[in-house]
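Single-structure report; data block below.
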Amino acid sequence: MRTIRAAATGAVVMSLALAATACGGGSSTDGEGSNDSPKTLTYWASNQGASIEVDKKVLQPELDKFEKKTGIKVKLEVVPWSDLLNRILTATASGQGPDVLNIGNTWSASLQATGALLPWNDANLAKIGGKGRFVASALGSTGAQGKDPAAVPLYSMAYALYYNKQIFAAAGIAQPPATWAELTADGKKIQASGKQVLGAEGANVSENVHHVFVFAKQHDADFFTPDGKPDFTSDGVVTAVQQYVDLMAKDKVIPQGNAEYAQNQSVSDFAKGKTAMLLWQSASANLASQGMSEDRYGVAPVPVQSGAPGAGAQVDSMVAGINLAVFKNTDNLDGATEFVKFMTGDEEQKILNKAYSTIPPVASAQADPAFGTPANAILKDTLAKSAAALPQVADESQFETTVGTAVKALFAEAAAGHPVTTESVRAELAKAQQQMPAK
């Protein structure tokens with residue numbers, strides 16, 4: 001997933017409970033799509049760029065191209081991440097939504113469970129070129145294991161460590177940290193030079209979940225048992241969450257003011273040269289839009305506990321990305337399918353992923369030289385070797401909300417100068433687990 005999404009709490013659970021049948025942009029009453037309105041499509045795009053206006057400038061020329069090619073007019077709405085999940089869930093409950101929409105890939109299994117989205121079975125995938133067009137890591141975040149995908153990959157992303165070359169040089173640091181211990185040690189040198197060390201979005205529940213998920217993997221722990229039950233208070237998970245929050249509470253490398261950040265302020269701080277390092281998904285286009293040239297920063301893998309990134313306990317990113325879904329009862333089923341084919345075609349994959357500094361999940365487009373930059377090389381290598389998909393379970397969106405909110409509360413405690421203990425971490429996570437749906 002990307003940037004500043006923050007899922008609503010009670011509405012998530014309520015909407016999922018209500019959304020037991022399919023729905024979407026059409027008027028079909030049996031939950032199946034039709035072609036009653038073959039000349040128009042409504043498309044909800046997620047806010048991928050630095051602003052909604054930036055997204056409109058990127059997307060509208062491509063939608064015009066699609067209209068010229070097919071005669072189908074696409075009505076575009078770019079939805080902020082802070083609203084998107086709630087908007088989707090409201091649509092699944094009311095039966096009124098778009099024909100095609102972007103979803104965060106981590107939501108795939110949760111939205112699949114509503115029954116509202118068109119399943120991408122072999123027959124539907126064949127209409128857009130087949131399953132083999134997509135990179136395996138991207139397909140791993142399209143729905144629950146053993147079920148037909150609920151969406152198809154559109155943009156792929158991974159976390160990386162962005163570091164300010166000038167600040168590093170002034171602090172006498174020759175290379176980016178490869179481990180968390182090295183990052184903490186470098187932090188002392190950076191602070192001595194008068195700069196902030198590491199930016200974070202402490203009030204952004206989804207960013208919080210992404211990071212503690214990676215820390216949990218590095219401690220050989222998972223938030224769910226193999227049969228899909230929440231397991232938020234195991235020793236490994238508690239240790240992982242405490243280590244992340246301790247970057248502010250104990251190690252002092254995340255500024256206390258970042259506990260209130262939820263709107264990409266940490267990216268702006270980095271772009272303005274206030275902060276030496278940033279953990280972010282595919283940040284190059286965002287940084288460029290804020291005036292930071294590529295020669296001012298370097299890109300490295302996210303630190304691990306020891307050694308080098310890889311599988312298992314060496315995971316250093318969740319599989320981030322955006323998927324493209326179709327509401328099952330669209331009244332332009334053929335047009336929606338054609339639009340997905342267009343957006344995942346090689347030409348559009350190159351145009352759109354280049355605009356957003358993301359990685360094409362379509363293998364043939366990913367091989368294009370445009371995606372061979374040093375920054376992209378790090379991201380592609382991470383996705384191929386050391387990224388793991390967030391749990392593809394029906395309760396995933398609730399997991400993001402409850403655990404992300406628990407971490408937000410712990411950051412608030414750290415910012416207030418209160419100690420963050422093992423007991424307080426376990427208590428917050430126990431509270432989060434109690435808010436999960438009963439099994």
Side-chain angles (χ1 to χ4, degrees), residues 1-7 50 80-82 159-164 167-168 171 173 176-177 180-215 240-283 286-287 290 292 297 299-300 302-303 316-318 320 400-401 403-421 424-425 428:
M1 238 180 225
R2 176 70 182 253
T3 61
I4 59 169
R5 55 188 184 82
W81 278 111
S82 56
Y159 277 90
L161 178 71
Y162 295 79
Y163 62 96
N164 185 301
I167 294 176
F168 267 50
I173 302 170
W180 294 110
E182 290 176 5
L183 187 147
T184 300
D186 288 343
K188 293 181 173 63
K189 299 176 184 178
I190 291 165
Q191 287 168 333
S193 70
K195 295 291 186 178
Q196 298 179 161
V197 182
L198 177 67
E201 301 279 316
N204 184 316
V205 297
S206 296
E207 280 291 307
N208 288 341
V209 164
H210 296 169
H211 293 302
V212 298
F213 169 78
V214 170
F215 274 97
V241 172
Q242 184 165 7
Q243 185 180 7
Y244 180 52
V245 178
D246 269 348
L247 292 173
M248 178 186 294
K250 179 183 175 182
D251 303 321
K252 310 298 183 184
V253 294
I254 296 177
Q256 290 180 323
N258 286 28
E260 298 180 0
Y261 281 9
Q263 301 290 329
N264 292 6
Q265 296 99 318
S266 61
V267 183
S268 297
D269 284 352
F270 183 77
K272 294 172 183 175
K274 293 181 179 180
T275 306
M277 289 180 276
L278 174 71
L279 298 171
W280 207 253
Q281 302 174 30
S282 307
N286 197 330
L287 295 172
Q290 299 189 56
M292 191 178 198
Y297 64 86
V299 185
V302 172
D316 64 345
S317 177
M318 45 84 73
E400 291 197 24
T401 299
V403 172
T405 300
V407 177
K408 176 182 175 180
L410 291 166
F411 270 128
E413 288 294 302
H418 300 152
V420 175
T421 65
S424 64
V425 172
E428 285 291 343

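Keep in mind that this is a model prediction, so the values were computed, not measured.
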- Query: Does a side-chain heavy-atom distance below 4.5 Å link E413 with V245?
  - Reply: no
- To the nearest 0.5 Å, what is the distance between OG (S317) and CG (L279)? 10.0 Å
- Task: For the pair K195 (side chain) and G273 (backbone), establish whether a donor and an acceptor sit closer than 3.5 Å, ignoring hydrogens and angles.
- Result: yes
- Do Y159 and V302 have side-chain heavy atoms sitting under 4.5 Å apart? yes
- Query: Please walk me through it: do L278 and Y163 pass side chain to side chain contact (heavy atoms under 4.5 Å, CB included)?
  - Reply: CA-CA 7 Å; L278 174 71; Y163 62 96; over 6 Å; no
- Task: Kindly compute the distance separating CE (M248) from CD1 (I254), expressed to the nearest 0.5 Å.
- Result: 5.5 Å
- Between the main-chain N or O of P303 and the side-chain N or O of W180, is there a donor-acceptor pair closer than 3.5 Å? yes
- Over all atoms of both residues, closest heavy-atom pair of Q256 and A414: NE2-O, 3.4 Å
- State, to 0.1 Å, how close V197 and Q191 come at their nearest heavy-atom pair, and which atoms those are. CG2-CG, 3.5 Å
- Message: If we ignore hydrogens and angles and just use 3.5 Å, is the side chain of N208 paired with the main-chain N or O of V403 as donor and acceptor?
- Response: no
- Message: Test: side chain to side chain donor-acceptor pair (under 3.5 Å). Region: residues 265-274. Which pairs qualify, not counting sequence neighbours?
- Response: E201-S266, Y261-D269, S268-Q290
- Task: Grab the two heavy atoms, one from L287 and one from A271, that are nearest each other, plus how far apart they are.
- Result: CD2-CB, 4.0 Å
- Does some side-chain heavy atom of V241 sit less than 4.5 Å from a side-chain heavy atom of L410? yes
- Message: Test of understanding: with side-chain hydrogen bond (donor to acceptor under 3.5 Å, both in side chains), list the residues that count as partners of D316, not counting sequence neighbours.
- Response: S386
- pair V209-V407: side-chain heavy atoms closer than 4.5 Å: no
- Got I190 and M277 here, is their nearest side-chain heavy-atom distance under 4.5 Å? yes
- Query: Ring centroid separation for Y244 and F411, is it under 6.0 angstrom?
  - Reply: yes
- Task: Please lay out, stage by stage, how L247 and L198 fare under the test side chain to side chain contact (heavy atoms under 4.5 Å, CB included).
- Result: CA-CA 9 Å; L247 292 173; L198 177 67; 4.3 Å; yes
- So, the side chain of D246 versus the backbone of A249: is there a donor-acceptor pair under 3.5 Å, distance only? no
- Query: With a 4.5 Å limit on heavy-atom distance, are the side chains of W280 and V267 in contact?
  - Reply: yes
- Task: Answer yes or no: is there a donor N or O on one side and an acceptor on the other, between the side chain of N204 and the main chain of S206, under 3.5 Å?
- Result: yes
- Query: Would you call the rings of F270 and Y162 parallel, tilted or perpendicular, where under 30° means parallel and over 60° means perpendicular?
  - Reply: perpendicular
- Item | Backbone of V420 reached by a side-chain donor or acceptor of S424 within 3.5 Å | no
- Message: Nearest 0.5 angstrom please: E260 CD to K408 NZ, how far?
- Response: 10.0 Å
- Item | Flag side-chain contact, heavy atom, 4.5 Å: E207 against H211 | yes
- Supply the atom-to-atom distance T275 OG1 to I167 CD1, rounded to the nearest 0.5 angstrom. 7.0 Å
